[in-house]
2 protein chains.
Amino acid sequence: MATNTNFFEELHSTELTGVAYKNVWLKKQMLTHFANEGNATVADLSRTLNTSIPKTSELVNELLADGLVKDYGKTDSGVGRKPNLYGLEPASAFFVGVEVKNLHVNIGLMDFRRSLVKTSRGIPYLLNNTEESLHTLCTIVCDFINTSSVQLEKILGIGINLTGRINYRTGYSYSFFNFHEDPLSKIIESVVGIHTYLENDSRAMAYGEFCSGGVKDEKNVLFVNLDHGIGMGIMVGGQLYYGKSGFAGEVGHIPMFNNEILCHCGKKGCLETEASGAAITRIFKERLAEGASSIVTNKRTNPEDIVLEDIIEAANNDDTLAIEIITEAGEKIGKGMATLVNLFNPELIILGGSLSATGDYIRLPIKNALNKYSLSLVNNDTQLSISQLGDKAGIIGACLLVRDRLLAITS
Amino acid sequence: MATNTNFFEELHSTELTGVAYKNVWLKKQMLTHFANEGNATVADLSRTLNTSIPKTSELVNELLADGLVKDYGKTDSGVGRKPNLYGLEPASAFFVGVEVKNLHVNIGLMDFRRSLVKTSRGIPYLLNNTEESLHTLCTIVCDFINTSSVQLEKILGIGINLTGRINYRTGYSYSFFNFHEDPLSKIIESVVGIHTYLENDSRAMAYGEFCSGGVKDEKNVLFVNLDHGIGMGIMVGGQLYYGKSGFAGEVGHIPMFNNEILCHCGKKGCLETEASGAAITRIFKERLAEGASSIVTNKRTNPEDIVLEDIIEAANNDDTLAIEIITEAGEKIGKGMATLVNLFNPELIILGGSLSATGDYIRLPIKNALNKYSLSLVNNDTQLSISQLGDKAGIIGACLLVRDRLLAITS
DNA sequence: AATTGTTTTTAAATTTTTTTATAAAACAAT
DNA sequence: ATTGTTTTATAAAAAAATTTAAAAACAATT
């Protein structure tokens, strides 16, 4: 009932051959099936895995004995003798997801059945590219784990979302904490003592939305993270697309304008320079200086203190200036996304990130520009929706990525 | 020695269960392995398929008896007893690839080991969206098949490349021959009598280049077809990417310019309006009219008769005007492709299509713009090369697509 | 030229899996 | 309450696959 870690060890061992290998492989397939499709009967598993009933039964019983799988009783539908339903045992494994923002950290703990059992949001933290900042981050993670009631050895992995270029395969970060020779994931791992994966923030959010949010059967989906910058997670054939080094999806830096605004990436004319949350904040302040009025000034007497969240809040309270500027940004984002539609022919584009909280204020101008600038035959295929998970997408995605990587045969 | 069609029938039958199913599945894996990796020993197969030597040996012997696999004798490397090498029997299956251009058709016949056994290039043909034009196309294909020395039943499929929007899964074409209720592939199939697949021209070329051209181990590759229009084939994780309906890769119609040139797609400002072969031809004629000089005028006394091929030929003969205009187009294409690099983080971009015959005249300005407009960290990952198959990419790709679809378990 | 070492191939024994048959469970109709 | 139908679960028999052992093939060495 408690030998669960054994299975994950032998899952990733390369020593196994022949029958032993096949059995582990089949058990992995069963867990994956439970994880993706929910509970199932022995007959279901037998059918999808092309194994006989007795064999399937034997392996399910092994997983049951390992404590990874739980008997969920009889089904209630259908005629004839009712089968037992099996599914993942929620308490058999846990995963930690960490979302690192510029000014705070969000952390969540997820069980094996993708329920968030504990979350801690808005932990004050200053993201700097320094050793101290990294150290503080590790401390925050350790504190979170230590104050949770779950046994340490049941926490199988940690997923950390960072902005910028991340190579999850090697564990290297290229935008933050890139001052060590070893990959960042190994550094954190050695401090916290739990297997750690790094991921790009937008891609992790995308994965959360794919697996637990507004995605049903769609297999080719784009998730656009509209925040301070503009990021994207790409799902191709039901899987995240990384590109060669994990840098795919840099939609914020596609060349779009002939302006002279210098982007933080070093180039000029990037989409981000005129259409990101940062650009919106900049333009908002400029308009105020030019004499425009807004309800934001009631809250922030010094215009320098205005942050993106203030503008989003103002828009949702019908502030004309905020809505106007967000609409203008939406049109530009939509023109950029027309390119995405033409290139990816996606079934669904999900708008996420803090700006997505403005709902139709951002969605409609984007949809409009999409209709205007993309091939209509292709555009007709594409749904445009707002993230269902909202600000939970990041930690849910981070946890699920860890879970699903540990279940994957190729680690 | 001649019951080869049997296997392909049972491969796609859904009747099989249990051991029979698994055996067919394993044999399919073996054929796929031979097709992708070349000849192999029983030990190799046993290792990659995780089956025991006796079982592997038994199945190889069945394939041998079916005539699909051939004994290629002993290996010459290594110590110890030398194993037998097995591989595909070239004469056991054939595939026809048809490339439909605006003014001509190219057809090729490929054997099971991807050798082109017969090609017929430049068959005069006028592509119109009419019933007669479709009928003529079918006749050309039938003639080609009938004049080949291969038995009809050994030709397992036909692949047809068309420009425009194609949904290969349904067999519908949306740009040409779209006047029937039934899918176009079924119409052609019923005339020619052989299983027919439709594919977008650029995607088929891309597949040819991926499988038989300049792609080694790269798994994320873009193939850009620079011709009259600008098309693209996308390879993600070693497989073609289609998007929801097979319209992915429409790079020619991404919004790039604020010009007033109406694209044939109906929009303004598409990349194609200023950077395609059609645009180059238009600009070339305009410059001539403005008084510029070129060696093309020696060949074509009436400027109206000038075609893209003339300009390409002129460039390769150091004609300044041609080179100049191609360079300008290259810079614009490169700026558009910078977006591709940022979004896909590809390992390799291959330039194909007739314009790629100008070699570095088109490649270098593209490379230059790529360096200028894409994120340098991402761009550093990306190789930019010229197609190795040249004008053979289309028919090779069409044949290989048919072959590999027939080998795939999900047809 | 015989011996040794290495590896493939074949053959026999053993293990594993599937198939078939049977029992048990669940429920509807008689 | 009994009978029939349908499906699951278990047990025994049959089939199939793997494992182990032995033989065959060949290169390098003595």
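Residue numbers start from 1 in every chain, and the chains themselves are labelled A, B, ... in the order their sequence lines are given, proteins ahead of strands.
In the model, A:Thr56 has a side-chain atom that pairs as donor or acceptor with a side-chain atom of A:Thr51 under 3.5 Å. A:Lys70 and A:Asn39 are not linked by any side-chain donor-acceptor pair at a separation below 3.5 angstrom, with hydrogens and angles left out of the test.
Spacing between atom CG of B:Leu85 and atom P of C:dT7 amounts to 17 Å, rounded to whole angstrom units. D:dT8 atom P lies 15 Å from atom CG of A:Asp71, rounded to whole Å. Remark: C1' of D:dA16 and CG of B:Leu26 are 13 Å apart, rounded to the nearest angstrom.
Across all strands shown, C:dT30 forms a Watson-Crick or G-U wobble pair with D:dA1, both key distances being under 3.5 Å.
Rounded to the nearest 0.5 Å, atoms SG (A:Cys399) and CZ (A:Phe112) are 13.0 Å apart. Between atom CD of residue B:Glu62 and atom NZ of residue B:Lys27 there is a gap of 4.0 Å, rounded to the nearest 0.5 Å. Residue A:Leu59 holds its CG atom at 12.5 Å from NZ of A:Lys22, rounded to the nearest 0.5 Å. Within the model, atoms CD of B:Glu218 and CG of B:Leu348 stand 5.0 Å from one another, a figure rounded to the nearest 0.5 Å.
Of the options A:Arg203, A:Arg169, A:Glu199, a side chain to side chain donor-acceptor pair (under 3.5 Å) to A:Tyr242 is made by A:Glu199 and by none of the others.
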(request) Indicate for each nucleotide in nucleotides 14-19 of chain C, in 5' to 3' sequence, whether protein heavy atoms under 4.0 Å reach the base (B), only the sugar-phosphate (S), or nothing (-). (result) --SSBB
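Here the closest non-hydrogen pair linking B:Ile194 and B:Glu189 is O-CG, 3.2 Å.
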List, with names and distances, any nitrogen or oxygen atoms from the protein found under 3.5 Å away from nitrogen or oxygen atoms belonging to nucleotides 22-25 of chain D.
residue : atom : partner : partner atom : Å
D:dA24  : N3   : B:Arg81 : NH1          : 3.3

